Amino acid sequence: MDPTPSPGSLTAVKPAALRMDRAAVLTNRFGACTPSETLVEYDGVKSLEDASSMCRATSGCTHFTLDVSGSRSAPATRSRVRLCAGEPRPVDRDGAVLVVSSL
């Protein structure tokens with residue numbers, strides 16, 4: 001069965017499922033970063049743990065966004081992670097998760 005978007009529907013996630021060591025997790029937020037702050041993007045990332053490992057392995061990575069659902073205008077961004085350097089600038093975006101390292 002494929003999920004179908006439905007007006008007025010709500011999906012809940014237990015906070016424990018999003019808990020990460022030494023990081024703040026912001027749901028429904030996208031970390032806007034300039035092209036010079038964007039370190040790398042990867043498609044097909046299926047978990048926060050995988051995305052976190054990628055950030056830790058990338059020099060200068062201070063935060064990342066995992067786009068869990070993609071957007072209506074850009075569905076290809078589903079399961080894409082963007083690793084960034086610098087000061088995070090959270091922007092509202094349904095289905096995205098912004099993780100900021102607390103170093």
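Counting from 1, the numbers follow the sequence of the chain as shown. These numbers come from the heavy atoms of this one structure, side chains and all, not from hydrogens, waters or symmetry mates. Just so it is clear, the structure is predicted and the values come from calculations on it, not from any experiment.
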So, taking the atom named CZ in R56 and the one named CZ in F64, what distance separates them when rounded to the nearest 0.5 Å? 8.5 Å
Smallest heavy-atom separation, L26 atom then P90 atom, equals CD1-CG, 4.3 Å
Between R80 and D67, does at least one N-O distance fall below 4.0 Å, as a salt bridge requires? no
pair L98-H63: side-chain heavy atoms closer than 4.5 Å: yes
Which atom pair, heavy atoms only, marks the closest approach of T58 to M54? OG1-O, 2.7 Å
Specify the closest pair of heavy atoms between S79 and L66, including all atoms of both residues, with the distance to one decimal. C-CD1, 4.3 Å
Does S52 use its side chain to pair, donor to acceptor, with the backbone of L48 at less than 3.5 Å? no
Is there a donor-acceptor contact under 3.5 Å from the side chain of T65 to the main chain of G31? yes
On a heavy-atom basis, the closest approach of V81 and A51 is CG2-CB, 3.7 Å
Distance SG-SG for C61, C55 less than 2.5 Å: yes
Hydrophobic clustering (ILVMFWY, side-chain heavy atoms < 4.5 Å, transitive) - are F30 and V68 grouped together? no
All heavy atoms of Y42 vs all of L83, minimum pair found to be CE1-CD1, 4.0 Å
Given the rule in the side-chain contact (heavy atoms from CB on, under 4.5 Å) test, do R89 and T34 qualify, once you have shown the distances and angles that lead to the verdict? CA-CA 10 Å; R89 290 180 298 284; T34 64; 3.6 Å; yes
Quick one: OG on S59 to CG on L39, what's the gap to the nearest 0.5 Å? 8.0 Å
Charged N to carboxylate O under 4.0 angstrom, R82 versus E37? no
Going hydrophobic residue to hydrophobic residue with side-chain gaps under 4.5 angstrom, can you get from V97 over to V40? yes
May I ask you to decide if G95's main-chain N or O and N28's side chain share a donor-acceptor pair within less than 3.5 Å? yes
Backbone N or O of G86 within a donor-acceptor pair of the T62 side chain at under 3.5 Å? yes
Residue pair R29 / D92, side-chain heavy-atom distance below 4.5 Å: yes
